[in-house]
Structure formats: structure tokens, C-alpha cells
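All heavy atoms count here, side chains included; hydrogens, waters and symmetry mates do not. In what follows, every chain begins at residue 1, and chains take the letters A, B, ... in the order their sequences are listed.
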Amino acid sequence: MIHQAILTLIWIVIKIVVILIPLILAVAYLTMAERKIIGYMQGRIGPNRVGWMGIMQPIVDALKLLLKEGIVPTKSSRYLFLIAPLVSFTAALVTWAIVPFQPGVVLANINAGVLFILAVTSLGVYGILIAGWASNSKYAIFGALRSAAQTISYEIAMGFALVGVLLAANTMNLSQIVLAQQGNIFHWFWLPLFPLFVVYWISGVAETNRAPFDVAEGESEIVAGFHIEYSGISFALFFLAEYASMILISALAVIFFLGGWLSPFAGIPVVEHWFAFVPGMIWFLLKMTIFLYLYLWMRATFPRYRYDQIMRLGWKVLIPVTLVWIVVVGLMVELHVKPWF
Amino acid sequence: MPDIRNYTLNFGPQHPAAHGVLRLILELDGEVIQRADPHVGLLHRATEKLAETKPYNQSIGYMDRLDYVSMMCNEHGYVLAIEKLLGITPPQRALYIRTLFDEITRILNHLLWLAGHAIDIGAMTVFLYCFREREDLMDCYEAVSGARMHATYYRPGGVYRDLPGKMPKHVNSRVRSRKEVVSLNAAREGSLLDFIEDFARRFPTLVDEYETLLTDNRIWKQRTVGIGVVSPERAKALSFTGPMLRGSGVEWDLRKKQPYAMYDRVDFDIPVGVNGDCYDRYLVRIEEMRQSNRIIKQCVEWLRKNPGPVILDDHKIAPPTRVEMKEDMEALIHHFKLFTEGYCLPEGEAYAAIEHPKGEFGVYLVSDGANKPYRLKIRPAGFAHLAALDEMCRGHMIADVVAILSSQDIVFGEIDR
């Protein structure tokens, strides 16, 4: 009996490692992609010195951060200061437990998936709040306050957007949400839930504090915001957390609105067979890169919102839109609008 | 109950949006500014005092370093004051060259301003686009004077030398492929004038490019419309000049009102704002870049047709050529005297002002008849603008302070002098 339990435990740890190692690598190369893609958008070429085409740059960056002295400000709350990045980092990673990459390929196939996501992603803001407060710096506390207000407001918009998905899929289990979108690209939820899709994406960008909603970092205003006092490994953790949540938001967008691992050509006579060999995981990752690219594209294009304008957008535009569309979705489900419901 | 005080935030001098070395003490109520107190002087280099210890012609280089983004315009102000006291007028070709380079400098300055303004508001791509174009203009500086920034090109009596007949070219290197070098050199085959003409031909579309990213962008408008509003009356009372004054709707431009160099011969318009907010100042400066481009085209056309001397032949003021020096004893003496002792200005005072990219740049010169100024007073445009920061920021938020500050086009080289 105990023997069995230990085996299960080891099996789970292996699965965690198999998810986390590629994730950390993905984060590293997302930073690389960001620098390269934004570089080309701006008429530069980005890092190209370390390794072939600069391919080793993120590894070297990570090494540099690991080797740097971790500075703790004298007048800070030492323990909270060190715990804060861990909180952010953990919250960003835990959600990956329930992300289904392919039918059956998921660490924890729980039925309250969506609730779990909402619960854990809101924990991330504690890391930022604690970091800002513990740093005992005026700029950091501004960053923390802005971030807290922003995350809480956008959580609501995002939550409402997901209510629409729940209505349409009639389940909270992520795998079953994907299966509810069975069919080709036009059967996925992005079409009937289009306004919710847009709202989800905007609030996702705002949740991860990325441009144009990056007021919590607001480089030209409050310098680096909540992580202004951090250096070395603790800064690296915040950095990892930010990029891991970017990837997560993209993955969830794919699951909720773009049919997860489903092939976009399913059910289309000839084309379906051409792409039949592509495994579901590849579709999943390809769709994710669309969103990740969108993140970078937005960062290169838009100016930054002001803090109060973000609040206004969240409360006065996004939330009303979701409320209206939830009613519409309800009606569509009730009337069994084909081909989705 | 404990008494509630405002939150005081020390903004700068080491702050990415402090535009150099501004130290700003912000008194905040939440995020709302109650008082903004700019502290200046961190870049003070005593330029005015330094000029009192040197012959007139040796201070031109210091003028470059005042507002280090519009170098030649500073020189122009200083040189103009000397010329006024001496009572000389440079040859016409020199005046056209000055007009040409004043406008190149204006574009240079406005590009840096746009780059800084955009990145302060968070649009970082515009920043790099602007620097791409600045590179070409820097090359013009380099071609004409040998220096990319601190040119020392304008001299009393004209300009240092005529426009060069050929442009320096890029060569192959490890970081530039041959194809790249060929495309970079495409416009450099001819003379400097050809290069400038090519730039002037390309530039309007480039400005369109910046405008597509910003002008109608909703976020950009939300961040700039109605921010830092200055009424025309207040703008005049605060002694605003340049685009700050024109952004508030006052039609005032020294190039039109008190023409110097060749501004009365070239055709251009003065853009004027309506609301006096950051957005109007942005529009005014964008349009000024287009107008400068127009002036550049006209100058290039004139300069092509009319060769001639670019500096006075009076060797008491302007140095003789190298060739003359090899053969003529007197020329050699003139050269020696000019570069050791300089020349004496008649007793008196003069104020010369030019329409600098940032506003009115004035030089007030008092001479006691010696070869050094008795007193040199520089009127920088930015000083008056920065002094109004408190008034412009009150009631706005922290993010707006950054927008207002960058819309003032502050450069500490000239404010601290």
C-alpha cells in the first residue's frame, strides 16, 4: 500500500519536472524571442553575440543573475522581502498543474479547473504587494499599489469572460472545455464568444502587467515599480514569474477560445487528412505562440496607459461588455444556436 | 488622530525620465501632484564665467555644449551677437548654409524630443525610429565639420568652410554585410547637398510613419490631450517661447518676426496649436519638422546654384586659407594673431536672439573693448519652461508629470549652463 503511494508520488514528481523544465526553458527563450522580435520591429537585430545568432543569450543572462549579489535593503522587512518573489513565482507555476496539453496529458485533471485558475492567479498579486511593501521604497510601494488595484479590477473582467465560457461549455474541467469545442476552427468558442475573447485577452495582458498596461513597472514613471529594490536571483524570480504567467495566459486563451489541442481543419474533407499526422500538442503550442507574439507586438506598438485610465477601461468598458455578452451567450445556449451549442 | 501629510517623492536626478539631471521634489496626494519643485544646477559648468576668460572666438565650442541636442543653433546665437557688435554681415552663401544647418538642427532636436516624449509615454518603437533618422543628420554634421555633435562650425563672419563635395562612405566590416554597405552608401555617392536632398525627399514619409504610430492612437491621445494645459495669456506671462508658446496658440516665431540669416527669403509656415496641451505641442513640433524640411529643400536648391565665399575676407576676423599662409607673410601673422590673441570688439553691448528649436535662445554680450567678453549672458529657452513645471503639473498624476516634462523639451545643458 505504502509502496504504491511512494511510486505514485515519484510518478507525480517526474510529471512535474517534465512540465517545469520545458516551461523554464520556454520562459528563457521567450525573453530571447521578445528581444529579437521587438528588435526587428524597431529596425535593430537584437542580441546576436553569444552563440549562433545569440542563441545562448538567455542562458548567459540567467547565469549572470544567479551569480550576482542579492542585495537586501537594510531598512526592509527582510523575510517578507525574500519571500515575495517566491510567492509570485509559485503562483505563476502552480496553475500549470491543470493545463491539458493533449487528451490525457495533464498533471491534475480536476473538475473545478476554472475556479482553481482564478484562485491561484489572484495569489500572484500578493507577491507584488509584499514586495512593494517590504522594500520600504516609495517607488516600490507605488508599483505595488498600482498593481494590486489593476489586478483586482481585471480579475473581475476576466472572471466574467470565463463565466461566458462556462455557460457555453457547461463544465469547469479544462479538458472538457476543449472537448466542448470539437470541430474545425469555426466551431471553437472564439466565434460565438468573440467579445469575451477580446475582453479575456485584454484583461490577461493587464493581469500580467505587460505593455500597454505595465504601470506597475512603469519604467519612465516609477522606474521599475515593485521590484525596484530587487537584484540577482530574487529579481530573476520575478522575471520568471512574469514570463511564466504570460505563457500561462496564452495557454488558457487557447484552451478557452481556440480549441486547445484540436486541429483547426478537423471535419474539413481533404485538408483534414493532410494534417492528420500533427499531434494535438503541436497545435496547442502553435496556437500559444500566436498569443505570445501578440504580447510582444503590443509592447512594441502601444504607448502606456495611465493608471486611472486602466481602471476606467476595466470597470466602465470591459465589465459591461462581458455582462451583456453573458446574457447573449445564455440565450444562444438556451436556443441551441448551431453549430456551437 | 495623527496628522496626515502629503507623500513626498524624490524624482531624479537618477531617473529614466528626468531628462538628464533634473531633481524634482513631488508632493503627492495619492498619485495626484500637489506641488512639483524642480531643482536645477546639477549640470552647472559655469559656461558664462568661462567665456569671460577666453577670446571671443574660443568660446564657440562651449556653445555647442549648452543645449547638446541643437548644437549649431547655440553657436548661431553667439556668433550673431559678436557679428552685431562688430557690425559685419557674412556672405550670402554663409547665411544660406546657416539657415540650412539651423533647420537640420531643428529636425535633429525635434527628433530627439519626439523619441524622448514617446518613450516617456511608453511607445518605445518611435524612439528607435527617430534615432535611425538622427544618424543621417549627424552624418551631415560630420561631413561639414568633422564632429558629429559639437561642431564649432559657425564662425563670426561666416562658417568654417564650404560644404564638402563628397560624403564619407561606409566600408565593409564584420558587422555590416556588403549588401548593407551598398544600400547605406547609395545616397553618399554625390556631394553633401545630394545627401541632404535625398534625406529631405525621404523625410516626410518617415514623419508619416511616426504619426501613424502616435497621432491617432487612442492611448497616445488619452495620455496627452488636456494634459499640462497653458492658456495663451499664461504662456506669455511665463515667458514661454518656441513650440511651447505656439502650442498655446500664440503665433510668435523669431524667424518671421525678426528675421535673421536668410529666413526672410525662404518660404515656410508657422504651425500654431489651439488648446495648449501636450498633444498640441506634439502636433506643433511634428509640423515644424515638416516645415524645416521645406526650408532645407529651398536652401539646397539655392546653394547648388550659387557658389561663392562662405566667410568674410577680412583676416582680422576670419583666418586666411592655408594656401595663403604658405606664401604670404602677412597672412601668417594674421593667423597667429587670430588664434592667440583673437580680436577686440568695440565697447558696447548687444543682444542677439534666434529661434532655437526649443524657443528663443538669446546671447547678451557686454564688451569693454577687450578681446574677451566683459559679461556673457545666455538666455536659454528651457529655463522659463521648467520654471512653469509646477503650474503645469498641479492636479495631474505622476504619469502626467513625465508627459509634461518631456513635452517641454528640457535639456539640462542649457538650463544649468
Gln222(B) backbone acceptor or donor facing Gln309(A) side chain under 3.5 Å: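 Looks like yes, one N/O pair under 3.5 Å.
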
Taking all heavy atoms of [X] and all of [Y], pick out the closest pair and write down the distance.
X	Y	answer
Ala399(B)	Arg306(A)	CB-CG, 3.6 Å
Asn217(B)	Phe302(A)	ND2-CD2, 3.7 Å
Tyr7(B)	Phe142(A)	CE2-CE1, 3.4 Å
Ile398(B)	Arg146(A)	CB-NH2, 4.1 Å
Pro303(A)	Ile219(B)	O-CG2, 3.5 Å

Go through the atoms of [X] and report whether side chain, backbone, both or neither lie under 4.5 Å from a heavy atom of chain A.
X	value
Phe131(B)	neither
Ile119(B)	backbone
Met124(B)	both
Leu26(B)	neither
Ser406(B)	neither
Arg223(B)	both
Asp120(B)	both

Can you say whether [X] sits under 4.5 Å from chain B via the side chain, the backbone, both, or neither, judging by heavy atoms?
X	result
Arg299(A)	both
Ile310(A)	neither
Leu313(A)	neither

Are there more than 12 heavy atoms of other residues, nucleotides or ligands under 6.0 Å from atom [atom1] of [X]?
X	atom1	answer
Trp201(A)	CH2	yes
Arg78(A)	CZ	no
Lys316(A)	NZ	no
Arg218(B)	CZ	no
Phe160(A)	CZ	no

Taking every heavy-atom pair that is under 4.5 Å apart, which of Asp400(B), Val401(B), Leu28(B) has the most such pairs with chain A?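 So the answer, after comparing Asp400(B), Val401(B), Leu28(B), is Asp400(B).
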
Atom CE of Met41(A) and atom CG of Leu128(B): how far apart are they, to the nearest 0.5 Å?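 Here the interatomic distance stands at 13.0 Å.
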
